[in-house]
There are 4 protein chains.
Amino acid sequence: MIPVPKTTPKTTPGKAPGNAPKTAPRTARSPAGGGAASDGRRAELLAIAAGVFAAQGYDATTVRRIADEAGMLAGSLYYHFDSKESMLDEILSAFLDELWAGYEGVMAAGLGPRETVEALVTASFREIDRHLDAVAIYQREARQLASSQPRFGYLADSQRRFERLWLGTLERGAAAGVFRTDLDLRLAYRFIRDTVWVAASWYRPGGQHSPEEIARQYLSMVLDGVTVRE
Amino acid sequence: MIPVPKTTPKTTPGKAPGNAPKTAPRTARSPAGGGAASDGRRAELLAIAAGVFAAQGYDATTVRRIADEAGMLAGSLYYHFDSKESMLDEILSAFLDELWAGYEGVMAAGLGPRETVEALVTASFREIDRHLDAVAIYQREARQLASSQPRFGYLADSQRRFERLWLGTLERGAAAGVFRTDLDLRLAYRFIRDTVWVAASWYRPGGQHSPEEIARQYLSMVLDGVTVRE
Amino acid sequence: MIPVPKTTPKTTPGKAPGNAPKTAPRTARSPAGGGAASDGRRAELLAIAAGVFAAQGYDATTVRRIADEAGMLAGSLYYHFDSKESMLDEILSAFLDELWAGYEGVMAAGLGPRETVEALVTASFREIDRHLDAVAIYQREARQLASSQPRFGYLADSQRRFERLWLGTLERGAAAGVFRTDLDLRLAYRFIRDTVWVAASWYRPGGQHSPEEIARQYLSMVLDGVTVRE
Amino acid sequence: MIPVPKTTPKTTPGKAPGNAPKTAPRTARSPAGGGAASDGRRAELLAIAAGVFAAQGYDATTVRRIADEAGMLAGSLYYHFDSKESMLDEILSAFLDELWAGYEGVMAAGLGPRETVEALVTASFREIDRHLDAVAIYQREARQLASSQPRFGYLADSQRRFERLWLGTLERGAAAGVFRTDLDLRLAYRFIRDTVWVAASWYRPGGQHSPEEIARQYLSMVLDGVTVRE
DNA sequence: GATGAATGAGGGTTCATTCAT
DNA sequence: CATGAATGAACCCTCATTCAT
C-alpha cells in the first residue's frame, strides 16, 4: 500500500503569497461575510472556461464561446472577471495551489525515496483527476505563458520548485541504493514527470481505472520496467 | 546495440495517397524548370513557419510574424502558399511521411518484439531530432485539428495506425513472454508513446546527448525500470 | 466700485420654462416629504458628477467612476437620475439659471455702458467662482451638445441671448462714445466673452485672487489695454 | 505694419528630438526613396481625422467614423497608423512643430517687447489659420492628455516653454516701460494667451477677415483697450 | 516574386442601462 | 435606497487574405 496523506490544505500557494485573493467582483465595497454567495457562480464560470480552454486551446477560445456555454453574453463575464487572461490565471493558480498542498503533505510525511516517489505520483494522478482541465491547459500553455508574460512568472517558479523536489528525491534514492545509478538523473526526472502528466491528455474521470489504480500501474512500469524479470 | 535500418525513403505517405503533392506554387505561370528552383525557398519558408508555430503555437502565430522572419511582407507569402493552414498542413504531413517511412523500415526488418520496440523508439528519437519543430507542433495541435478539420483527417488516421502498430508489437511481446502480462497493455502503450514524444518539449538538437543515446536511456528505463534489480 | 447686485434668485430659467423641474426621483413611491429629504443627496451627487465631468470630460467619464466617487454602485445612480445625460443636463441648466439670474439683475439696474460691462464681467467671474465645474463642462461640451442634441437646445438659446445682451451693450457704448468705433464689434464681443470665460480653465476657487479682484484686473486690461498710456 | 518673419521651417520640434519620424507604414523594410508616395495618403488621412476630432471631440470620435469619411473600412486605417491615439499624437505634434518653428523665427528676429508680442500674436493667428483643427483639438484635449498619458508629455513641455517665452517677453516689456506694471503679469499672460487661442473656436479660414487682420484688431484691443483714449 | 493597400470578419473589452431582490 | 448580476450595443483593434501593380 502506498501511504499518501489526504490533501491537507495547508497554506502553500503555488503563486507567491501576497497575490490578490481573486474572489470578489470589482465592487467598490464588496459585501461583508466573505462573498460566499457569488463565489459559487465564479467557480462555475471558471469551470466552464477551463473546459473550453482545455478543449480548444486558450488562444482559439473566444470569450463569447465561454459566455455561450455559461448562458450569458460575452460582456457579462466582465462583471466577474477582469479579462480572459485573468480567468486563465485563476484556473492555473488554483490548480497549482492544490497540487502543492498535496505535495507538501507528501514531503512532510518523511517517507523513504521509493515511497516518496510513489506518493508523489499518486498525488499527481489524484490532481489530474480533480483538475483535469487545468492540467491539460497547463500542459499546453504553461511554457509560453511563463516565458512571455510576467503575470505568469509563478508558473516558472513552480516548475523550478517541482524540479528540485523530484531531483532531490531521485538523488536520495540513488544514494540509498534504491534507484539505479547508471542513469542520467535529469533524464530520469523528465521521464517520470512527463510520463505522469501527459496522462491528462487521455485520462477521463470516472473511467475504467481510478486515479489510484492508474498510478499503481504507472509506478509499476516506471519502477520495474515493462519486461519480465527473470 | 540496437539495429535500426537507416530511414529508407520509400514512398509511404502519412497522408492518404491521392493528396496533392503540394509542391509548385499555384500560379498559372509557375517558374520554369518544374518548380525545382523555388523548392528551396518553399522549404526555407516552411522551416521558418515551423519554427514560429512551434515557439508560439499555431493560433498565436500571425502570418505577418512568419513573413517578418522571412524578410518579406505578409501578403507575399501567399504567392508560395494557399493559406496559413496549408503551411501547417505541409509541415505536419512532411513529418508524418518521414516518420512512417522510418517505421515501415523497422517493421520490414522482421525483428523480435523487444528489438522492434527498441528500433521504433530509436527511430522516433531520430525523427524528433530531425523534425523537432514539427513534432512540437504535432503534440500541441494534432488532437484538435484531427477532430475538427476534415483536412487534417490524416492525423487521426496516422494515430490509429500508430496505435495498431504499437499495440500489436506489445501483444506479440506479451504472448512471447518478453513483456509483462500483468499490465493493461493499452496503458503501457500510452505510457511508452507519451514518454517518447513528449521528449520533444525539452530536447534540443546538438545538445549533450545524441538521439540514439537518449533512446538508449529511455529504453533502459521503460524496459527495465528505474529501481535496482536484485 | 462696480455695483453688482447680489445674485437675486429670481425665477429666470436658462432653460425655456415648461421644462420639468427635475427634482424628485422618478419612482412611483417617491420618498415622503416632497423630496426635500433626498434633495441634499441629489445635489451632492450632481456636484460629484460635475467634478468628474470637468476633470475628465463628459465622454471620458464613466457612470461607474461617478458612483465610485459617491461610494455607491453604478446602478444605484439610476435611482436618482434618469441617465448620465440627465445629470449633465441638470448641471448645465442649473448653472445657466443662476448665470441669467445674475445678468438680469445687472440689466435691471439700468447702468451706463461701461458700468454695465464691468458689472457683467464681475458677475461672470462670480459665477465662475461658484460653478467652476459647470463652467468648465460648458466650455468643453456646449457647442457639440447644442448642435447635435435637441435636448440641449437651450444651450444655443442661451448663447444667442448672451450675444444680444453683449452686442447691445457694446453698441450702446460705441454710440455713446465710450467704446472705440474702429473695431469690429462682433470681434470685440468675442474677445471679451472668451477672455472672461476661459479663465475657468485655470481659475481655482480660494486661490490668491478673489473673483472680484480678477474681474478688476481683467476689466482693466480689456478696457484700457496692457500698454502704458502716455 | 507688424513685421513677422515668414514661418521659417527650422528644425525645431515641439516634441523632444529623437522621436520616431512617424512617416512610413510599419513595413519590415520600408521602401527606399523617402516614401513620398504614401506620405500623401497619410497626410490626407490625418487631415480627415483632425477634422472629425475637432468636430466631435477625440473621445466621441469613432475610428469607424474617420474611416467612413476616408472611404475605407475601419480596420484599414491600421495599415497606416498604429492606433487612434497615434493619429492624435501626429496631429498635435505636427502642429506644435510648426508653431514653434514660427515662434523661433520671431524670437530670432530680436525685436522689442511690443513688436515681439505683435509678431507672436500674428504668428499664432497664422497657425490657427493653417492648423485650425489641430488647434481646436489641442484646446479641448491637451490638459487631460498631458496630465494622464506619458506619451503626451511633450504637450506639458510645450506649455511650459510657451509660458516662459511669453512671460519673459512681458517682463522685458514691463521693465522697459512699454507695458503696464500694475498688472499681475501671470494674469496678463493668461489673458493674452487665452484670448488668442480661443479664437480657434469661432474662426473659419477663408472668412471675412484674414488672420493678419484679426491679429491686428486683437492686438489693438489687447494693447490699447476697447475704451476711447482721451 | 514581392509590395502596398485594402477588406471583412471577428475578438476582447467597455459601458450605460435595467431590474429583481 | 442600494446591490448584484446581467444586457446589448458599440468600440478599438487584429489578422488572414486578396489583388492590382
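Each chain gets a letter, A, B and so on, in the order the sequences are listed, and its residues count up from 1. We use all heavy atoms of the structure for the numbers below, so side chains are in, but hydrogens, waters and symmetry mates are not.
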Open item on the list: Measuring only between side-chain heavy atoms, which start at C-beta, is Val52(C) closer than 4.5 Å to Asp133(C)?
Closed with: no
- [ ] Grab the CG-P distance between Leu73(D) and dT18(F) for me, whole Å please.
- [x] 16 Å
Open item on the list: Can you measure Leu88(B) atom CG to dT17(F) atom P for me and round it to whole angstrom units?
Closed with: 12 Å
- [ ] Applying side-chain hydrogen bond (donor to acceptor under 3.5 Å, both in side chains), run through Tyr154(A) and Asp89(A) and close with a yes or a no.
- [x] CA-CA 10 Å; Tyr154(A) 66 90; Asp89(A) 195 347; 2.5 Å; yes
TODO: Would you mind checking if Glu141(C) and Arg140(D) are paired as a salt bridge, meaning a charged N to carboxylate O distance below 4.0 Å?
DONE: yes
Open item on the list: I want to confirm an ordering. Mapping Ala60(D) and Ser76(C) to their closest nucleotides on DNA chain F, which one lands closer to the 5' end?
Closed with: Ser76(C)
Task: Leu45(B) vs Met72(D), nearer the 5' end of DNA chain E by closest nucleotide - done: Leu45(B)
Task: Interatomic distance where OH belongs to Tyr78(D) and C1' belongs to dG10(E) [whole Å] - done: 14 Å
Open item on the list: Which nucleotide, if any, forms a Watson-Crick or G-U wobble pair with dT21(E), using both distances under 3.5 Å?
Closed with: dA2(F)
Task: Whole-Å P distance, dT21(F) and dG1(E) - done: 22 Å
Task: Interatomic distance, Asp68(C) CG vs dA16(E) P [rounded to whole Å] - done: 12 Å
TODO: Starting from P on dG8(F), measure out to OH on Tyr79(A) and report it in whole angstrom.
DONE: 18 Å
TODO: Starting from P on dC15(E), measure out to CZ on Arg64(C) and report it in whole angstrom.
DONE: 7 Å
Task: Nucleotide nearest Ser83(D) when distance is taken to its side chain, options dT7(E), dT3(F), dC13(F) - done: dC13(F)
TODO: Report yes or no: is the cationic atom of Lys84(C) (NZ for Lys, CZ for Arg) closer than 6.0 Å to the six-membered ring centre of Tyr58(C), at no more than 45° off its axis?
DONE: yes
Open item on the list: Please report the distance, rounded to the nearest Å, between CG in Leu77(C) and P in dC19(E).
Closed with: 17 Å
Task: Closest to the Lys84(B) side chain, choosing from dT17(F), dT3(F), dT13(E) - done: dT17(F)
Open item on the list: Under 4.0 Å from OP1 or OP2 of dA2(E): is there any side-chain N or O of His80(B) that close?
Closed with: yes
Open item on the list: I need the CZ-P distance between Phe81(D) and dC12(F), as an integer number of Å.
Closed with: 15 Å
Task: Selection from dT13(E), dC13(F), dA2(F) that lies nearest to any side-chain heavy atom of Arg41(C) - done: dA2(F)
- [ ] Please tell me which of Gly71(D) and Val63(C) maps to the more 5' nucleotide of DNA chain E, matching each residue to the nucleotide holding its nearest heavy atom.
- [x] Gly71(D)
Open item on the list: Tell me if a side-chain donor or acceptor on Gln144(B) pairs with a main-chain N or O of Gln56(A) at a distance below 3.5 Å.
Closed with: yes
Task: Gly75(A) or Thr62(B), whichever maps to the more 5' nucleotide of DNA chain F - done: Gly75(A)
